[in-house]
There are 2 protein chains.
Amino acid sequence: MAALKYSRQRESIKHYLMTTREHPTADAVYMHVKKDFPNISLGTVYRNLNLLTDIGEAIKISTPNGGDRFDGRIEPHNHFLCTKCGRLLDLDLDMHSIEEVNRLAAENFDGRITSSSTLFYGECSDCIKKS
Amino acid sequence: MAALKYSRQRESIKHYLMTTREHPTADAVYMHVKKDFPNISLGTVYRNLNLLTDIGEAIKISTPNGGDRFDGRIEPHNHFLCTKCGRLLDLDLDMHSIEEVNRLAAENFDGRITSSSTLFYGECSDCIKKS
DNA sequence: CTAATTACAGTAATCGTTATCGTTATTATT
DNA sequence: AATAATAACGATAACGATTACTGTAATTAG
């Protein structure tokens with residue numbers, strides 16, 4: 001039940017997620033779509049971000065500090081968190097590597113592994129330059 | 001400055017983290033140490049968990065749902081989150097594999113990678129049995 | 001075109017976590 | 001061992017992120 005019904009707000013949120021290279025927080029998404037929908041509610045943003053995540057059209061990324069980040073790139077990939085400036089960046093391993101990691105993990109694990117996500121830590125190039 | 005001063009509460013928290021195989025939330029740690037320190041405060045638990053994390057004697061793990069988890073195992077290792085029951089389990093890859101993943105990642109990434117943590121998703125053996 | 005239902009905006013509530021503050025425990029000094 | 005200095009405590013308030021509620025508006029079905 002509960003058929004999905006079109007909404008311009010959700011479309012706008014999805015479009016932003018799919019076109020930005022940032023990994024925005026819910027609040028950052030809110031700020032952005034506010035330009036097109038000046039009186040959109042933050043609750044609407046959260047509801048739709050979770051909805052998109054549930055139906056597999058977005059990904060939610062949790063990091064050790066700050067709120068969750070959202071990503072419109074749904075194919076398996078990894079992320080890098082700069083421990084200096086806090087920026088979250090994409091970090092791509094080729095598909096074969098990801099599958100290989102999952103396979104290695106499955107070897108000694110008693111359960112079914114369907115996916116994985118690696119979070120790398122370190123210093124981004126910008127922060128290295130500054131120091 | 002701010003020399004670290006011994007406290008029985010912190011010792012108890014650390015001992016629990018080091019002996020349990022669970023990956024407890026702050027609240028779960030609180031419930032446990034309450035047995036020995038009936039009027040310990042939740043704030044004290046948080047303060048010490050963060051302190052232990054800061055000085056490298058514990059690890060904080062963020063997952064897409066619920067609060068952060070804490071782990072007294074500080075050597076690099078990975079985790080598995082069961083998407084059915086929500087349990088967080090250890091998942092060990094041998095050290096060589098972890099280093100290999102970091103090396104592969106560094107190859108095409110413009111920055112310095114110091115560590116990584118992979119979160120695997122799937123169904124744990126208990127949940128597979130039940131279905 | 002009307003009815004049914006989902007989504008909305010606005011707001012209150014909740015949850016996890018951090019900060020504040022006066023008191024207690026630990027450590028350093030005499 | 002007594003005292004002084006200071007870090008840690010317990011209690012509670014404050015906070016930020018997220019979710020739940022409610023009456024209204026938009027979308028879809030008949």
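Naming convention: chains lettered A, B, ... in sequence-line order (proteins, then strands); numbering from 1 in each chain.
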(request) Rounded to the nearest 0.5 Å, what's the gap from CD on A:E22 to CG on A:D71? Could you check? (result)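 The CG atom of A:D71 is 11.0 Å from CD of A:E22, to the nearest 0.5 Å.
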(message) Rounded to the nearest 0.5 Å, what separates atom CD in A:E11 from atom CG in A:D36?
(response)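 Between atom CD of A:E11 and atom CG of A:D36 there are 12.5 Å.
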Are any of [X]'s side-chain N or O atoms less than 4.0 Å away from OP1 or OP2 of [N]?
X	N	result
B:Q9	D:dG10	yes
A:T25	D:dA17	no
A:R8	D:dT27	yes
A:N48	C:dC8	yes

Crowded around [X] [atom1]? As in, over 12 foreign heavy atoms under 6.0 Å?
X	atom1	value
B:E100	CD	yes
B:Q9	CD	yes
B:D110	CG	no

(message) Using C1' atoms of five pairs at each end, report the bend of the helix from C:dC1-D:dG30 to C:dT30-D:dA1 rounded to 10 degrees.
(response)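 Result, rounded to 10 degrees: 30°.
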How long is the line joining [atom1] of [X] and [atom2] of [N], in whole Å?
X	N	atom1	atom2	result
B:L51	D:dA8	CG	P	7 Å
A:F70	D:dT18	CZ	C1'	9 Å
A:Y30	D:dT18	OH	P	14 Å
B:E11	C:dA25	CD	C1'	15 Å
B:R10	C:dT26	CZ	C1'	11 Å
B:L49	C:dT18	CG	C1'	13 Å
A:N39	D:dA26	CG	P	10 Å

Nearest-nucleotide pick for [X], side chain only, options being [options]:
X	options	result
A:T44	C:dA9, C:dA25, D:dT19	C:dA9
A:Y6	D:dT27, D:dT18, C:dA9	D:dT27
B:I40	C:dT26, D:dG10, C:dA4	D:dG10

(request) Would you indicate what A:N50 reaches in the nucleic acid, counting non-hydrogen atoms under 4.0 angstrom: base, sugar-phosphate, or nothing? (result)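 Sugar-phosphate, no base atom in range.
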Close N or O pairs between protein and nucleotides 19-23 of chain C (under 3.5 Å):
none

(message) I want to confirm an ordering. Mapping B:A26 and A:L42 to their closest nucleotides on DNA chain C, which one lands closer to the 5' end?
(response)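 Counting from the 5' end, the first nearest nucleotide belongs to A:L42.
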(request) Report the residue (B:L4 or B:Y46) whose heavy-atom-nearest nucleotide on DNA chain C is the more 5′ of the two. (result)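 In this pair, the answer is B:Y46.
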(request) Could you tell me whether the side chain of B:R69 reaches within less than 4.5 Å of the side chain of B:T25, counting heavy atoms only? (result)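 A side-chain contact exists here, since the closest heavy-atom pair is under 4.5 Å.
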(request) With the side chain counted from C-beta on, respond yes when B:R21 and B:R73 share a heavy-atom pair under 4.5 Å apart, and no when they do not. (result)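 Side chain of B:R21 against side chain of B:R73, heavy atoms only: contact under 4.5 Å found.
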(message) Quiz question: by atom type and distance under 3.5 Å, do the side chains of B:D92 and B:H77 form a donor-acceptor pair?
(response)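 On atom types as modelled, these side chains do not qualify, holding no pair under 3.5 Å.
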(request) Mind telling me whether B:Y16 and B:H32 have parallel, tilted or perpendicular rings, with 30° and 60° as the class edges? (result)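 Ring orientation of B:H32 relative to B:Y16: parallel.
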(message) Can you tell me whether the side chain of A:K5 and the base of C:dT5 have a donor-acceptor pair closer than 3.5 Å?
(response)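 Flag set: donor-acceptor pair detected.
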(request) Flag the pair B:R103 and B:E99 as a salt bridge only when some basic side-chain nitrogen lies within less than 4.0 angstrom of an acidic carboxylate oxygen. (result)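 Result for this pair is no, no salt bridge flagged.
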